[in-house]
Amino acid sequence: MAPVKIVEDYRLTGNYNPQKVEALIHQIFGSAQVDVGVSGLDGNYYSAIEWYSVPLSVINEAISLIDSGEIIDYHYSPSIQKMVEN
C-alpha cells in the first residue's frame, strides 16, 4: 500500500522450498517484527506482518547460515541485533 525500495535480493544454492525458507525467516526474526498497521484504500485496517527491524548485515548473515545449514545452531537476539550461537 506504499512504495518500497528493494535493497537486496538473495539466491540460495540448494534445492529449497521458498515457502519453508520464508517461514524460517519469519521464525528467526519474529522477535524483531515491527508493529505497524495501515488503513487500506478500501477503508479496512491491515497489520503489516512482513516488516522487521533488523540490520541488513544480520539479514545477510542469516541468509548465509540458512544456505549452509548452520542456521539450526543460531538465533537472532534483538537486544544486541546479532545472530547468536545457541
Side-chain angles (χ1 to χ4, degrees):
M1 293 185 203
V4 245
K5 178 183 174 189
I6 297 173
V7 294
E8 196 71 59
D9 65 6
Y10 301 93
R11 302 207 187 277
L12 300 173
T13 59
N15 184 18
Y16 293 93
N17 176 307
Q19 290 81 15
K20 288 184 179 182
V21 172
E22 180 181 11
L24 179 57
I25 291 169
H26 281 270
Q27 181 182 348
I28 293 166
F29 295 126
S31 59
Q33 189 174 41
V34 176
D35 185 19
V36 67
V38 64
S39 293
L41 296 174
D42 60 4
N44 291 322
Y45 180 81
Y46 296 92
S47 294
I49 60 170
E50 298 286 333
W51 299 98
Y52 300 88
S53 180
V54 179
L56 184 57
S57 61
V58 174
I59 295 169
N60 292 333
E61 180 182 7
I63 296 298
S64 292
L65 290 167
I66 290 170
D67 204 27
S68 70
E70 296 174 87
I71 193 66
I72 61 171
D73 298 324
Y74 289 83
H75 68 277
Y76 177 67
S77 172
S79 63
I80 61 173
Q81 295 188 316
K82 292 185 178 194
M83 296 300 296
V84 178
E85 197 164 4
N86 296 333

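Sequential numbering from 1 along the given sequence is applied to the chain's residues.
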Give the minimum heavy-atom separation between [X] and [Y], together with the two atoms involved.
| X | Y | result |
| --- | --- | --- |
| Ser53 | Gln81 | O-NE2, 4.5 Å |
| Tyr76 | Ala32 | CE2-CB, 3.8 Å |
| Ala62 | Phe29 | CB-CZ, 3.7 Å |

Transitive ILVMFWY side-chain link [X] to [Y], under 4.5 Å:
| X | Y | answer |
| --- | --- | --- |
| Leu24 | Ile49 | no |
| Leu12 | Val58 | yes |
| Val84 | Ile71 | no |

Other ILVMFWY residues reachable from Val36 by side-chain steps of under 4.5 Å: Val4, Val34, Trp51
Listed by chain and number, what are the side chain to side chain donor-acceptor pair (under 3.5 Å) partners of Glu70, not counting sequence neighbours? Ser68
Holding to side-chain contact (heavy atoms from CB on, under 4.5 Å), I want the full list of residues that pass it with Ala23, two or more places apart in sequence or in another chain. none
Would you check if the side chain of Glu85 reaches a backbone N or O of Asp73 as a donor-acceptor pair within less than 3.5 Å? no
Is there a donor-acceptor contact under 3.5 Å from the side chain of Asp67 to the main chain of Thr13? yes
Do the side chains of Leu65 and Ile28 get nearer than 4.5 Å, heavy atoms only? no
What I'd like to find out is whether the side chain of Ile25 reaches to under 4.5 Å of the side chain of Ile63, using heavy atoms alone. yes
Asn15, CG atom: more than 12 neighbouring heavy atoms under 6.0 Å: no
Quick check on Asn17: does its CG atom have over 12 non-hydrogen neighbours (other residues, nucleotides or ligands) under 6.0 Å away? yes
Give the C-alpha distance, both sets of side-chain angles, the deciding distance and a yes or no for side chain to side chain contact (heavy atoms under 4.5 Å, CB included) between Glu8 and Leu56. CA-CA 9 Å; Glu8 196 71 59; Leu56 184 57; 4.2 Å; yes
